[in-house]
Every structure is written in structure tokens, then in C-alpha cells.
Q: 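Input: one structure, supplied below.
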Amino acid sequence: MKAIGKAEFSNFVDELIADDPREVIGVQAKSNKFAFDPLKSAEDLRLDYDVTILPPKKYFMPQRETLVKYNTNEGEMTAVNEVIPRIIFGIHPYDLIAIQQMDKVFEETHSDENYLAKRRESVLVGVNMKNASEWSFAHTMGTATTDSGYDLMLTDIGDKYAVEIGSVKGSELLEEAKSQLDDVGMEEIEKVREFKEELPDKFRDDPEFDPFELPRLLSEYYGKDGFWEENAEDCLSCGTCNLVCPTCYCFDVKDVNDITLTEGERLRTWDGCMLEAFAQVAGDENFREEKAARYRHRYMRKGRYMYNKFGDIACVGCGRCSEQCVPDIADPVDVFNQMKEGTNGI
Amino acid sequence: MESNDSLFLPEQARIIGERELTSNTKLFDLNFENGKELNHEPGQFVELSIAGIGEAPISVTSSPTRGTPSFELCVRAVGNVTNALHRMNVGETVGIRGPFGTGFPAEELKGHDLLFIAGGLGIAPLRSLINYVLDNRDDYNEINILYGCKKPCEQMFEDEVSNWARRQDIYHEATVDYCPDEVCWEGNVGVITELIPGVDIDLDETYAVVCGPPVMYKFVLQELEKKELPHDQIYLSLERRMKCGIGECGHCQINGAEEELYACQDGPVFNYERIKGFEEAI
Ligand SMILES: Cc1cc2nc3c(=O)[nH]c(=O)nc-3n(C[C@H](O)[C@H](O)[C@H](O)COP(=O)(O)OP(=O)(O)OC[C@H]3O[C@@H](n4cnc5c(N)ncnc54)[C@H](O)[C@@H]3O)c2cc1C
Ligand code: SF4
Ligand code: SF4
Ligand code: FES
């Protein structure tokens, strides 16, 4: 572990913005919320944020991404991979854990270079959570801290940041701030420990379940009469809970032509299993026609299927879906608590 | 930046033959421009792609034992890609990714009696296996082919079908849901499930192989249940929405209480024993 004074840290970030060929991204205030965006100045970096509107997955799996370029006259097609090397500041532990889960998806199925190359060319600078959103239940999910998934990890210890190095990429980045780094003593180590000890108090205290019970509970509740129908009753099928989720990765692929109609791009765009047409095919057949079935599918993905496949609970407790669902029915804590309590429909 | 290792770049294939099968269905014969072979197994599919329109999953209908290196797709015009393909002519090129998915277990079926049950366009993937089996006739026992369509003019591959009817070593029955008065039709009139009771099923030996429109499976399975055919002797090829073919996009998931299956990887061909517990499967 190292430490860097806050003023020196700001200088370091400003120097990167000025001199490093890579794009420097950081969490910034956006209206009364926070977002990952390109940094113009270290001043704008807000390492005390609670949660961002969108998770950083947008840098590895963009909302719109060109996979193939084509010319319709010649039928010619060229594969495309737009990789922008980036240094991303301020990723919370739950999002780092979500990125590690996404890595498995794109590595283990078919080694998808459109995702993996973007990951390889990014440096992830995490930050331990100074604040938590009122919806976050990361502590319950065991994702409020992480020992892996970052290149560097910062902890705010007053007038300094403690810096943990997680990878070669991380230590290489730190090289550029070498002269400003302090060695840490017992005092700093103690402060980091205290910081982590106080973390649980920052989170809501209503979750009653243990994440490791979720696969079992979800299987039990899969066929429970009325349970999903009641929970999904007010769902608008808007797909917001998919879009904002750091572990959702389903996509659509579509061709978009330029105005001459001869050139165009095959795009991968974010899609969501909560949208009505997600499982629709020709002949008016829809394999997940009812909103309750789609609602259930999302939960099964989060708490059961991904666990079967990769051993991960694919809800990291960020609370984004809970916060951004208009009819306020997407809160996983509410659904998981109902299961745990054995109420509602049983 | 250009990429050399994209999972999404199709290879160019030229249309070398085209034949109308019904008013909205055509058979296309395709050849890769680079001369390679598709190397598919019966029951697998490709992602057919037309620049500027998009991609669609299509079963390979030809048998790997016939006509290679070219391969055939039997395509019904229902939407963007399929209609665009129908407008194309011999000599033009399309994109192909694949073959993808798990096909029929041609090896496991060896030495057994086979009962093919095809509804409508479901004949497309089954034809690949049927011709594979006929080209290795000695490896298989009795062959039964039941083929149902809405009406006589929707029956496809007439030359091959009449050959099945002529052959002594194949039991073949065709049916149509209805037959207009002025049309001459020698087969059965009624739904395909009506043909199942007439098949001689040996419960130790018979494997059923089923493909048809989504509504068909439930009724066919009910009939096979009446015959008490063991569930692990039933193979089904299922259609789902597909946007990648490689287990990433999520669209083809079939969910169950314990786990989910991907139609593009675990399927499209599934053993019924494996999927019967999946609420969304049938
Ligand atoms: C494994 C597999 C094998 C197949 N094999 C064959 C085959 O051999 N031959 C064959 O002809 N077909 C086959 N199909 C079916 C074929 O892939 C689909 O019909 C495909 O949709 C055709 O693509 P398209 O672009 O022409 O149609 P699309 O433009 O995708 O339209 C198809 C239908 O879906 C509806 N639709 C599309 N998108 C939406 C949406 N967002 N919301 C609501 N409705 C929508 C359309 O109204 C239309 O009715 C197969 C499918 C699978 C999964
Ligand atoms: S649960 Fe809420 S956010 Fe998700 S689709 Fe339904 S209304 Fe939209
Ligand atoms: S399901 Fe909701 S709380 Fe869980 S990771 Fe996704 S957005 Fe966050
Ligand atoms: S078609 Fe994309 S996951 Fe199966």
C-alpha cells in the first residue's frame, strides 16, 4: 500500500488528462446525480459520490457499438472493433465485481474481442465507498469491498488517499506519480481498516436474506402461484432495470444504413429481457409474453442461472434498478425479503 | 479499427441455385466464395446475413452427405432478412456465420427405428437428417416419416416426398389440415397428430425426431405419451429469437426453475428428457 496527498493526487490526474494519450474518465456530478464521463479537470472528479446513473460497463460494452461495416453494392463486410484506451477513475467495489462477472461471460462463451480488447486497454482505478445510495445493499451482497478486479484502489483517509496496487497495469500507471507517493505506516493502515469497518453503517438495514440463499429461494419460488404476477403487476416493461444494471449484457444486433443506403454499420445495442418483444418470433409467437414471466426471468438470471454457470450471484446490490424504476417495483431487496419471509402468495 | 478476430463477421457465400418451393418459401443453394465447406451436422443452423438488412438464423436443410461443398437453405419470407433474400438472384452473395448449435445425434440414432414428425417449415432441418439417414440407410432400422402441412400447395420437396412414398424401406404418411375442393390430394386430411397412432412404435427401438411450429409440440408430445415412448427417445428442434448464435445476446434463453438453456448452443435440438422440466421449453 502507498499513500498520496489529495493535492498531489489532483496534480497526478491533471497530468494524465494533459499528457496521457489515453482518455481519462472519472465520476462527476450530473444535475443532482453522478455519472462516469470524460474528465476535463481533476476538480470535476467526485470520489465521494454515492452511485452513478449508469455503471461503467458502457466503456466495454457501449450502448451502440459497430461490429461490422458494409457496402451494400459490393456486399463487402469488414469487422470493426473501436477500442479507445481509457483510464477510469472512481469505480466502486460492487461495479468492479460486476465487471469481473462480465469478463467471464465474454471470455468463457467465445472470447469476444469486441468486449475483451476494450477491457485490456482500460485501467480501472477503484475507490472505496465514502457514501452509499439509500438503495444500495452492496454490504448485504458482500460487494461493498473487493480484493480484486482493480488496477488501483483508493481509500479516502482524510488528507490523503491510500492506494492499493492490484495489477501491473496499476503499478505502471502509478509510476507517473512516483515522486509524490508516500510509504504508509501503521497510522494509514489503521485508517483504511477503520474506513472499511464503518462501511456497513452506510447501507440500508432492511435486507433480511443472505446472498447464498438466493439460488435456492429463487428455485423454490420459480413456480409459486401468484408471486411473480403480484410483484410484476405495475411493471411498465420499460427495460430500465436492465439498462442500468451492471451485470446485464443482453444485446440486439441491427443494421443501420447511411443516407446513401450503400454504406452502413451492423450495430450491437443494449437490449433487455423486460422488454415485451425480447423473446418474440414470427407468427406472433412470444416465448415470454407475460410481464410476470419476464420479471421472473430477470430475477432468475440475477440470483440463480448465473450462479449455476459461473458461481456468481449476478446482483451486486448497487440499487440502480430500485432507484430508477418509475413504478418502484424493481427493488431486489423487496422481492428477496418476501421470499425469505415466506409471505406473499405462499 | 479493423479487427481480425471478430465473432460477427460473416463469410461471403454465393447463391448458385434458387428454386420456389411454395408461394412464400424458396430453396437456396449456396457456395462459400473462399471454397471452404460448411461442415455442418444435420440439425445445425447458420446466421444468414444480408448487408443493410440484418441477420436471421436458418437451419441447413441439405445433408452433409449431399451436394457438398454447397449447402441448401429453405427459407420462408416472413420478415426483413427472409424477404430480402427472396428478392435476390442466382449469382448474388450473402453472408454466412456458423454452423452453430447442437444438431441431431446421428450416431446415437444408429441401429434404431426412426420416427420423423415434421410440421410445415419444420421439414427444413429434418430433411437434413432424413437425407443423411437415407444415404447411410444400412446404419438405421425402420424409418417412418410423418409430414403435415396446412394445405396441399404448402408441401415442399415434392420429388423427395414422392420418393419416400415409393420406397419400400420407408413408411411415409402425409397430411394437410384442410384440402380445397378443387385440389386433388391423396394423403390424409387432418392434423399431424392423427397420423401418430398408425405408426408401429417399438418402445425399445424407436426414436422420434420432431420439428414444427411452436404450437405443434405439445400435441405431438401428448400423442407420443399415449404410445408410452420413453422421453429420452424423443428429440425436438426448437425455434427461438436469436441475435448472435453464440450464447451471448440472451434472446434464445429457455428458462426453468433450476437453470436456463440456450437454444443456440444447448439446442436447437434438445432431448425431451432434458428439457421437459423447463416451463418455457414447450
Ligand atoms: C434455429 C433456427 C432455425 C431456423 N430455421 C429456419 C429455416 O430453415 N427457414 C426459415 O425460413 N426460417 C427459419 N427460422 C426462423 C427465422 O430465423 C425467423 O423467422 C427470422 O425471424 C426471420 O428473419 P427476418 O429478418 O426475415 O424476420 P424479422 O424481420 O425478424 O421478422 C420476423 C417476424 O418477427 C416479427 N418481429 C421481428 N422483430 C420484432 C420485434 N422487435 N417486435 C415484434 N415483432 C417482431 C415480425 O413482425 C415478423 O413477423 C429458424 C429459426 C431458428 C431459431
Ligand atoms: S421493473 Fe420497473 S424498471 Fe424494470 S421494466 Fe418494469 S417498470 Fe421498468
Ligand atoms: S439487479 Fe439492481 S441492484 Fe442488482 S446489480 Fe442489477 S441494478 Fe444493481
Ligand atoms: S442467439 Fe444469442 S444467446 Fe442464443
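Residue numbers begin at 1 in each chain, while the letters A, B, ... track the order of the sequences.
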Q: Among Tyr307(A), Tyr222(A), Tyr249(A), single out the residue with the greatest number of heavy-atom pairs under 4.5 Å to chain B.
A: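 Result: the option with the highest number of such pairs is Tyr222(A).
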
Q: Mind checking whether His40(B) and Phe71(B) have ring centres under 6.0 Å apart?
A: no

Q: Closer than 3.5 angstrom, by distance alone: can the side chain of Thr93(B) be matched with the main-chain N or O of Arg14(B) as a donor-acceptor pair?
A: no

Q: Report the option among Cys252(B), Gly79(B), Gly95(B), Gly256(B) that has the most heavy-atom pairs separated by less than 4.5 Å from atoms of chain A.
A: Gly256(B)

Q: Among Val78(B), Val94(B), Ile53(B), Ile50(B), which residue has the highest count of heavy-atom pairs closer than 4.5 Å to chain A?
A: Ile53(B)

Q: For His86(B) and Val75(B), what are the C-alpha separation, side-chain angles and deciding distance, and is it a side-chain contact (heavy atoms from CB on, under 4.5 Å)?
A: CA-CA 8 Å; His86(B) 272 240; Val75(B) 179; 4.3 Å; yes

Q: Quick check for you: among Arg301(A), Glu285(A), Arg296(A), which has the greatest number of heavy-atom pairs under 4.5 Å with chain B?
A: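 Among the listed options, the one with the most contacts to chain B is Arg301(A).
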
Q: Rounded to the nearest 0.5 Å, how far apart are CZ of Arg266(A) and CG of Leu9(B)?
A: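 Interatomic distance, Arg266(A) CZ to Leu9(B) CG, rounded to 0.5 Å: 9.5 Å.
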
Q: Do you know which of Met77(A), Arg268(A), Glu76(A) has the most heavy-atom pairs under 4.5 Å to chain B?
A: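 Of the options given, most contacts go to Met77(A).
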
Q: Output, in order, the C-alpha distance, side-chain angles, deciding distance and verdict of ring pair (Phe, Tyr, Trp, His ring centres under 6.0 Å) for Tyr299(A) and Tyr221(A).
A: CA-CA 11 Å; Tyr299(A) 275 97; Tyr221(A) 272 78; over 10 Å; no

Q: In Å, rounded to the nearest 0.5 Å, how long is the span from CD of Glu260(B) to CG of Asp266(B)?
A: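 It is 9.0 Å, given to the nearest 0.5 Å.
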
Q: Please check if any side-chain donor atom of Gln338(A) sits under 3.5 Å from a side-chain acceptor atom of Asn231(A), or the reverse.
A: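 Judged by distance alone, the side chains do pair up.
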
Q: Less than 4.5 Å to any heavy atom of chain B: does that hold for the side chain of Gln280(A), its backbone, both, or neither?
A: both

Q: With a 3.5 Å cut-off and no angle check, do the side chains of His231(B) and Asn271(B) form a donor-acceptor pair?
A: no

Q: Is it the backbone or the side chain of Asn308(A) that comes under 4.5 Å from a heavy atom of chain B, or both, or neither?
A: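 The answer is the side chain of Asn308(A).
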
Q: Quick check on Ser111(A) against chain B: is it the side chain, the backbone, both or neither that has a heavy atom closer than 4.5 Å?
A: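 Just the backbone, heavy atoms under 4.5 Å.
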
Q: One pair to check against side chain to side chain donor-acceptor pair (under 3.5 Å): Asp271(A) and His251(B). What are the steps and the verdict?
A: CA-CA 9 Å; Asp271(A) 208 338; His251(B) 284 272; 3.0 Å; yes

Q: Top residue by heavy-atom pair count (under 4.5 Å) with chain B, among Glu113(A), His110(A), Lys69(A)?
A: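 Top option by heavy-atom pairs under 4.5 Å: His110(A).
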
Q: Any idea which of Thr82(B), Leu7(B), Asn80(B) has the most non-hydrogen atom pairs under 4.5 angstrom with chain A?
A: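 It is Leu7(B).
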
Q: Whether the Glu265(A) and Thr66(A) side chains hold a donor-acceptor pair (N or O, under 3.5 Å, no angle test) is what I'd like checked.
A: yes

Q: Between Glu259(B), Glu248(B), Arg76(B), which has the largest tally of heavy atom pairs under 4.5 Å with chain A?
A: Glu248(B)

Q: Counting only heavy atoms closer than 4.5 Å, note whether Gln12(B) contacts chain A via side chain, backbone, both or neither.
A: side chain

Q: Taking side chain as everything from C-beta outward and backbone as N, CA, C, O, which of these in Ala117(A) sits under 4.5 Å from a heavy atom of chain B? Side chain, backbone, both or neither.
A: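 The answer is neither part of Ala117(A).
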
Q: Please look at Val68(A) and chain B and tell me whether the side chain, the backbone, both or neither of the residue comes under 4.5 angstrom of a heavy atom of that chain.
A: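 Looking at Val68(A), just its side chain touches chain B.
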
Q: Where does Glu11(B) contact chain A at under 4.5 Å (heavy atoms): side chain, backbone, both or neither?
A: neither

Q: Consider only side-chain N and O atoms of Thr269(A) and Arg64(A), and report whether a donor and an acceptor are under 3.5 Å apart.
A: no

Q: By a 4.5 Å heavy-atom criterion (distance strictly below it), what part of Gln265(B) contacts chain A: side chain, backbone, both, or neither?
A: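 Just its side chain gets close to chain A.
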
Q: Heavy-atom distance under 4.5 Å to chain B: side chain of Asp112(A), backbone, both or neither?
A: both

Q: Among the options Glu279(B), Met242(B), Glu55(B), Glu239(B), pick out the one with the most heavy-atom pairs lying under 4.5 Å from chain A.
A: Glu279(B)

